[in-house]
2 protein chains.
Amino acid sequence: MNEKLKLENQLCFPLYACAKEIVRRYTPLLEPLGLTYTQYIAMMVMWEHKSISVRDMGKLLFLDSGTLTPMLKKMEKAGWISRKRSEEDERMVMVSITAEGEKLHDRAEAIPSKMAGCVALEGDEALQIYTLLHKLMKSF
Amino acid sequence: MNEKLKLENQLCFPLYACAKEIVRRYTPLLEPLGLTYTQYIAMMVMWEHKSISVRDMGKLLFLDSGTLTPMLKKMEKAGWISRKRSEEDERMVMVSITAEGEKLHDRAEAIPSKMAGCVALEGDEALQIYTLLHKLMKSF
DNA sequence: TACAATTAGATTGTATACAACCTAAACTTT
DNA sequence: AAAGTTTAGGTTGTATACAATCTAATTGTA
């Protein structure tokens, strides 16, 4: 059997499995805030940018409108953001953070340090993997 | 703003983004074979094990029955595998590869080397990330 | 040996993901 | 300015993922 078609020799598979598992571990921490993981990273964009087009958010998160549009509608309904078509360019929809959305930031403060405890890597290794993944991500 | 809640300071995010992007790049290579990425890794298990329980496949792939059951039914319909409840332990369902499933192996042979060209890492870096991700995966 | 606890899959419900396609708006080019 | 092209979002359809729950089979135990 072709060794290259063995699961243990894949580079993509551990990437896929680790990503899923870590997202899964975020879930109980995000659940009290009412956020899913994807909504959480969308809120990170909002906390930092306050107002941004769907297009630019998609570029930051590597997500397209097929994923973002329904999710942003849910987040609008939850009261964390508002959506409004831009007046300068009517093709664009601007997403803006609300006061409720800002409040979530305080409640999310404890999450990063809690998650750090879930990752079984020494500090040095975490930095290595961070560096390598960023290099890979920038090549996309 | 809390620096720890910035997207660029997350470890999980590049993991999530890289995994999605690499799976996305597999898609056109797998499409002629009629496989999705998840079906492809399931076939890897089948090519190696020939016959395995749903439970054990789930442990190898980090997937549960909620994902596997519907997918394996599709793969059975496609003719690559067969599903049969075990006679020794009627709780278990054994999945076995068919002749059609074995044929797919030949057609998949070219995929790993094609994918290698999609990853913008030097040989050394690919090994590093492989090692770190496996360490992380084993801690689950 | 009854009976409680565990286990394996299946099912249901919710939430992504993304390709493919559609519409409207903005931009290019002639 | 009219026609063709590109762009931004929205919609549809398909395929995961996974929590929660259910059923049937098996195992552990008093």
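Residue numbers start from 1 in every chain, and the chains themselves are labelled A, B, ... in the order their sequence lines are given, proteins ahead of strands.
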If you find the nucleotide of DNA chain D closest to Thr27(A) and the one closest to Thr36(B), which residue's nucleotide is nearer the 5' end? Thr36(B)
Specify the separation, in whole Å, of atom CG of Leu68(A) and atom P of dT11(D). 14 Å
Earlier contact from the 5' end, DNA chain C, for Thr69(B) and Thr38(A): Thr69(B)
Would you name the heavy atoms of Glu8(A) and His134(B) that are closest together and state the gap between them? O-NE2, 3.8 Å
From dA8(D), dG9(C), dG9(D), nucleotide with atom closest to Val93(B) side chain: dG9(C)
Nearest heavy-atom approach of Ser65(B) to Pro70(B) is O-CD, 3.8 Å
Glu87(A) vs Tyr37(A), nearer the 5' end of DNA chain C by closest nucleotide: Tyr37(A)
Between P on dA26(C) and CZ on Arg85(A), what's the gap in Å once rounded to a whole number? 10 Å
When rounded to the nearest 0.5 Å, the distance separating CD of Glu125(A) from CD of Gln128(B) is 10.5 Å
Could you tell me the separation between the CG atom of Leu61(A) and the C1' atom of dA17(C), rounded to a whole number of Å? 13 Å
Hey, does the side chain of Lys73(A) come within less than 4.0 Å of dT16(C)'s phosphate (OP1/OP2), counting only N and O? no
For Lys20(B) and dA17(C), give me the distance from atom NZ to atom C1', rounded to whole Å. 7 Å
Spacing of CE belonging to Met44(B) relative to CG belonging to Asn9(A), to within rounding of 0.5 Å: 9.5 Å
OP1 or OP2 of dT14(C) sitting under 4.0 Å from any side-chain N/O of Lys74(A)? no
Starting at atom NZ of Lys84(A), determine the distance to atom C1' of dG10(D), rounded to an integer number of angstrom. 18 Å
Just call it for Thr67(B): base, sugar-phosphate, or nothing, with non-hydrogen atoms closer than 4.0 Å on any strand. base
What's the spacing between Leu136(A) CG and Cys18(B) SG if we round to 0.5 Å? 4.0 Å
Nearest heavy atom decides the nucleotide; on that basis, is Asp56(A) or Asp64(B) closer to the 5' end of DNA chain D? Asp56(A)
To the nearest angstrom, how far is Asp89(B) atom CG from dT7(C) atom P? 12 Å
Reckon Lys59(A) touches a base, only the sugar-phosphate, or nothing at all at heavy-atom distances under 4.0 Å? nothing
Does Tyr16(B) make a side-chain N or O approach to OP1 or OP2 of dA17(C) shorter than 4.0 Å? yes
To the nearest Å, give me how far apart CZ (Arg24(B)) and C1' (dT16(D)) are. 17 Å
Side chain Lys20(B), main chain Phe62(A), donor-acceptor under 3.5 Å: yes
Looking for any heavy atom pair under 4.0 Å, which part of the strands does Glu88(B) touch: base, sugar-phosphate only, or nothing? sugar-phosphate
Hey, is the side chain of Arg55(B) poking within less than 4.0 Å of OP1 or OP2 on dA8(C), counting only N and O atoms? yes
Please work out if Ser53(B) contacts a base, only the sugar-phosphate, or nothing of the nucleic acid, heavy-atom cut-off 4.0 Å. sugar-phosphate
Between CE of Met57(A) and P of dA8(D) the distance, given in whole Å, is 15 Å
